[in-house]
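Some notes on the structure that comes next.
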There are 2 protein chains.
Amino acid sequence: MRYVVIEDEAAIRRFLRASLPPEEAEIFEAENGKDGLRLVAQKNPDIVLLDLGLPDIDGLEVLRRMREWSDKPVIVLSARGREQDKVAALDGGADDYLTKPFSFGELTARVRVALRRSLRTAPPTVPTLETGGLKIDFEARQVFVNGQEIRLTPLEYKVLAFLARHAGKVITHKQLLAEVWGPAYEDSTHTLRVHMGAIRQKLEPEPARPRYIRTETGVGYRFLLEEGV
Amino acid sequence: MRYVVIEDEAAIRRFLRASLPPEEAEIFEAENGKDGLRLVAQKNPDIVLLDLGLPDIDGLEVLRRMREWSDKPVIVLSARGREQDKVAALDGGADDYLTKPFSFGELTARVRVALRRSLRTAPPTVPTLETGGLKIDFEARQVFVNGQEIRLTPLEYKVLAFLARHAGKVITHKQLLAEVWGPAYEDSTHTLRVHMGAIRQKLEPEPARPRYIRTETGVGYRFLLEEGV
DNA sequence: GAGAATCTTGACGAAATCCTGATATGGGGC
DNA sequence: GCCCCATATCAGGATTTCGTCAAGATTCTC
């Protein structure tokens, strides 16, 4: 996690450095608004801690300018405790407001809240798997063969998705049945075979000689990553 | 904007009612945790104000249970001012924490912050979406088919808009019901089907062979970006 | 308070999906 | 070649899921 701290009092900066464990936190510090804005732009932090009483530009102005091009979470730390100061900062785009003196625990908890939220806003990866002519878009729940969409029933999709998520590894019948049908169906191998037949019919060019899902006789099935023979 | 207030002191509830202008705020009140949870599920509010000292369940427990199925913003209002109380609530899923007595201005400012943020969390706002002969103007809340405006009821529009904002992806019945009707209605699939029928009747040229919204049997619905078959 | 619009609920036929049994295939061991 | 086992395929019928219609209930509007 990367922090930018914009704060002119060295004591507070020291306090923050001490509060945030260095193995988790990379901290960049600025003593005035101008340097602070530059740091935010350069370092692309996950969160910004901003003092209002800065020597050059007022903290509110720093916030205003930052909000023109960034929506990184900002927590304001200020000695000003009047209601109108809080309202101005919060309406000016701050995500939270802490009045000095504040406690270490509350600060870190509020930092966690802000980080938790910004993580939720930005979904991590786009999970999509592609091998040979087969493409599986897990997010959209869609499967393509050579660019053509293939429609799968709920069970077919679940089976294929589970195999693909464990691509390269052998998945036993029991594992598949327990995962897709539920633990009570571990012995319904016949049902599984029928569904596998339907899946291959739909996505294998030659269902009799499968390229994507190999049957491991006596054990289970394996999703092939590189096109095997 | 819809508020749910979970607070046993009548004085505070009165204060909140007075603080939030009725023309902008629809307020639902509960005096204990049990009713509060039910209200959140039923009314599908934009924000929840939660007291920690409730007569039946502890506020922290209410928060914990709510977070199992909802990520609506929650602002905790509490007489407990100790650091450990704040940390527990914030780490328990609260979005903000205000110690009583709090000022009217700070409360409303923090509410605005939470609302601003949850709006931003919502899928990227595309002012208008167009595919085939269908055009959806999200800002004006208007829908056109081949240039002709289609009148949709509030629920119909919400369903269509949610699907369209996640165009291409499968939306499960539960997701759709939780989002449009509220978490308490996750199992009213039948109602959803009837509304879907009405929507298709209005905007599909051939309602029996839909071009814009495909049903994914056993899973949910999908808004089609390119015109399917 | 009447009328319209909207929403929910129930009933029933249609469609899709799923399971089961019967039968075919294919490879290894003898 | 022949048998045996695991697997694959096919076909039917059961079950689940969907769509539609229509009748009440509720809310909104005038």
Side-chain angles (χ1 to χ4, degrees), chain A residues 141 143 150-161 163 170-174 176-177 179-182 184-222 229, chain B residues 2 26 28 42-44 141 143 150-161 163 170-177 179-182 184-222 228-229:
Chain A
R141 197 194 171 283
V143 180
I150 301 295
R151 302 201 54 180
L152 297 177
T153 70
L155 284 177
E156 287 162 12
Y157 179 81
K158 278 193 190 176
V159 169
L160 176 62
L163 284 170
V170 179
I171 306 295
T172 65
H173 302 126
K174 282 202 176 196
L176 255 178
L177 285 161
E179 178 71 24
V180 175
W181 276 262
Y185 298 81
E186 278 189 350
D187 300 320
S188 320
T189 31
H190 181 49
T191 301
L192 174 57
R193 286 204 187 90
V194 174
H195 281 277
M196 185 57 68
I199 294 173
R200 283 176 169 154
Q201 202 64 41
K202 285 181 181 177
L203 59 81
E204 298 277 6
E206 284 180 274
R209 301 169 24 78
R211 285 162 60 185
Y212 301 119
I213 300 177
R214 176 194 293 169
T215 125
E216 301 282 349
T217 305
V219 188
Y221 295 94
R222 184 205 303 268
V229 182
Chain B
R2 300 158 77 90
E26 206 174 345
F28 305 97
Q42 278 179 5
K43 301 299 183 182
N44 200 25
R141 201 194 164 286
V143 180
I150 301 296
R151 283 180 45 104
L152 296 177
T153 71
L155 282 178
E156 287 163 12
Y157 178 80
K158 277 193 187 178
V159 170
L160 175 64
L163 283 170
V170 174
I171 306 297
T172 65
H173 304 123
K174 282 199 174 197
Q175 282 180 286
L176 210 41
L177 285 161
E179 181 68 26
V180 174
W181 275 263
Y185 299 82
E186 277 189 352
D187 299 321
S188 318
T189 36
H190 183 49
T191 301
L192 173 57
R193 276 202 270 279
V194 174
H195 282 276
M196 185 58 67
I199 295 173
R200 282 176 169 153
Q201 201 63 40
K202 287 181 181 177
L203 57 81
E204 297 277 5
E206 283 181 275
R209 300 169 23 79
R211 284 163 60 186
Y212 302 120
I213 300 177
R214 177 203 290 172
T215 126
E216 300 280 351
T217 306
V219 188
Y221 294 94
R222 183 204 302 272
V229 181

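We use all heavy atoms of the structure for the numbers below, so side chains are in, but hydrogens, waters and symmetry mates are not. Letters A, B, ... are given to chains in the order of the sequence lines, protein chains preceding strands, and every chain is numbered from 1.
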Could you tell me how far apart A/Y157 (OH) and C/dT17 (C1') are, to the nearest whole angstrom?
18 Å
Whether each nucleotide of nucleotides 8-30 of chain D has a protein heavy atom under 4.0 Å at its base (B), only at its sugar-phosphate (S) or at neither (-) is summarised, 5' to 3', as SBB------SBBBB---------
Under 4.0 angstrom between B/W181 side-chain N/O and C/dC7 OP1 or OP2:
no
Just the rounded figure in Å: distance from P of C/dA16 to CZ of B/R209.
11 Å
Closest non-hydrogen atom pair between B/E204 and B/Y212, with its separation:
OE2-N, 3.0 Å
Report the residue from B/V180, B/L176, B/I199 that forms a side chain to side chain contact (heavy atoms under 4.5 Å, CB included) with B/L163.
B/L176
Atom OH of A/Y185 and atom P of C/dC19 are separated, to the nearest Å, by 8 Å
OP1, OP2 of C/dC18 versus side-chain N and O of A/T153: anything below 4.0 Å?
yes
At less than 4.0 Å, is any side-chain N or O atom of B/S188 found next to OP1 or OP2 of C/dT8? Yes or no.
no
Quick one: does B/R2's side chain have a donor or acceptor within less than 3.5 Å of a partner on B/K43's backbone?
yes
Verify the contact: side-chain N or O of A/H195 to OP1 or OP2 of C/dT17, cut-off strictly under 4.0 Å; return yes or no.
no
Do A/D187 and A/L177 have side chains that approach each other closer than 4.5 Å (heavy atoms only, starting at C-beta)?
no
Length of the CD-P vector between A/E156 and C/dA16, whole Å:
14 Å
Main-chain N/O of A/E216 paired to A/R222 side chain as donor or acceptor, under 3.5 Å
no
On DNA chain C, more 5' by nearest nucleotide between B/T191 and A/T191 is B/T191
What is the separation between atom CG on A/D187 and atom P on D/dA6, rounded to the nearest whole Å?
14 Å
Round to the nearest Å and state the distance from A/K202 atom NZ to C/dA16 atom P.
11 Å
Can you tell which of C/dT6, C/dC19, C/dT8 lies closest to the side chain of B/R151?
C/dT6
B/T191 side chain near B/W181 side chain, heavy-atom distance below 4.5 Å:
yes
How many angstroms lie between CZ in B/R151 and NZ in B/K202, if you round to the nearest 0.5 Å?
8.0 Å
